[in-house]
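First comes the structure, then the notes that go with it.
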2 protein chains.
Amino acid sequence: MENKKAISVLAALAQETRLDIFRLLVRAGQEGMAAGAIGDALGIPAATLSFHLKELKNAGTVRCHREGRSLIYRADFGTMTAFLSFLTENCCQGVNGESSRTKKRGACC
Amino acid sequence: MENKKAISVLAALAQETRLDIFRLLVRAGQEGMAAGAIGDALGIPAATLSFHLKELKNAGTVRCHREGRSLIYRADFGTMTAFLSFLTENCCQGVNGESSRTKKRGACC
DNA sequence: TCTATATTTCTATAATATTAGAAATATGGA
DNA sequence: TCCATATTTCTAATATTATAGAAATATAGA
């Protein structure tokens, strides 16, 4: 994962409503949730919800597919895997003066 | 780490200049870097740099201490450890319909 | 004490993000 | 086709964040 992509994931999750949505979808697991059900669960107006879902989707943190009249959203764990790798590679390497080429874990993870 | 704290870490790193600063400090390791050296390395005006360092500091991602006329900044790996735990706890649980109480790793990490 | 260096705080401007009503689009069923 | 439901897009107002010059503060050394 490159820098820009990581920043978009960080920005997507760095907002209370969106983090709530994302965590709800994580709890919902593979079956996901319809947009309307998310809005009901969290008490978010449809237009506002749609805006945030788009942000999450653009960052690749969620995916969606249509089922009848509903759009079912799910957390994208593939993106999260790559994102966590990015974080550990970029926040744990180079600690204690180690070369950034060494692949050993640093102080933080 | 609670929700609000995690959001402040996410927001601190969700900005290109700040992510650059943070990654530079990670590479600098335990000895850290003076604010001026960071500004020189990244070509950031002093006032702008100070603004971003404050954001990073408020989120707990960096710490600083004075050495003579310089303020030495270092990455705070303790915060990053806690932050990574928060992420894995909140993005990996509940996958495949598992109860959120199970502590097994999910699909993403 | 005076001066230079290092950095922050103050301030204003510019840029970006968030909110939500209203209108538009898509689907399914009578 | 007509209607109800589900959701998005459009729009405009509001709020938040980023930028950087200028002034202020802190430290060290002559």
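Given the structure is predicted, the values throughout are model-derived calculations rather than measurements. Each chain gets a letter, A, B and so on, in the order its sequence line appears, and its residues count up from 1.
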Comparing B:Ile72 with A:Arg69, nearest DNA chain C nucleotide closer to 5' gives the residue B:Ile72
Assign each of B:Leu71 and A:Thr17 the nucleotide of DNA chain C bearing its closest heavy atom; nearer the 5' end lies the nucleotide of B:Leu71
Closer than 3.5 angstrom, by distance alone: can the side chain of A:Arg18 be matched with the main-chain N or O of A:His52 as a donor-acceptor pair? no
Can you give the first and last nucleotides of DNA chain D, 5' to 3', that have an atom under 4.0 Å from a heavy atom of chain B? D:dA18 to D:dA28
Could you say whether A:Ala46 or B:Arg18 is positioned toward the 5' end of DNA chain D, judged by the nucleotide with the nearest heavy atom to each? A:Ala46
Ranking B:Glu55 and B:Ala47 by the position along DNA chain D of their nearest nucleotide, the one closer to 5' is B:Glu55
For atom [atom1] of [X] and atom [atom2] of [N], their distance in whole Å:
X: A:Leu53; N: C:dT18; atom1: CG; atom2: P; answer: 13 Å
X: A:Leu42; N: C:dT19; atom1: CG; atom2: P; answer: 12 Å
X: A:Ile44; N: C:dT19; atom1: CD1; atom2: P; answer: 9 Å

What one should report as the nearest heavy-atom pair of B:Ala14 and A:Ala11 is CB-N, 3.5 Å
Shortest non-hydrogen contact between B:Arg63 and B:Asp76, atoms and distance: NE-OD2, 2.8 Å
When we call it a touch if two heavy atoms are under 4.0 Å apart, what does B:Ser50 touch: a base, just sugar-phosphate, or nothing? base
Are any of B:Arg66's side-chain N or O atoms less than 4.0 Å away from OP1 or OP2 of C:dA6? no
Between A:Thr48 and C:dA20, is there a contact of a side-chain N or O with OP1 or OP2 at under 4.0 Å? yes
According to a hydrophobic-cluster definition based on side-chain heavy atoms being under 4.5 Å apart (Ile, Leu, Val, Met, Phe, Trp, Tyr only), do A:Ile72 and A:Ile44 belong together? no
Interatomic spacing from CG in A:Leu25 to SG in A:Cys64 - rounded to 0.5 Å: 10.5 Å
Rounded to the nearest 0.5 Å, what's the gap from CD1 on A:Ile21 to CG on A:Leu24? Could you check? 8.5 Å
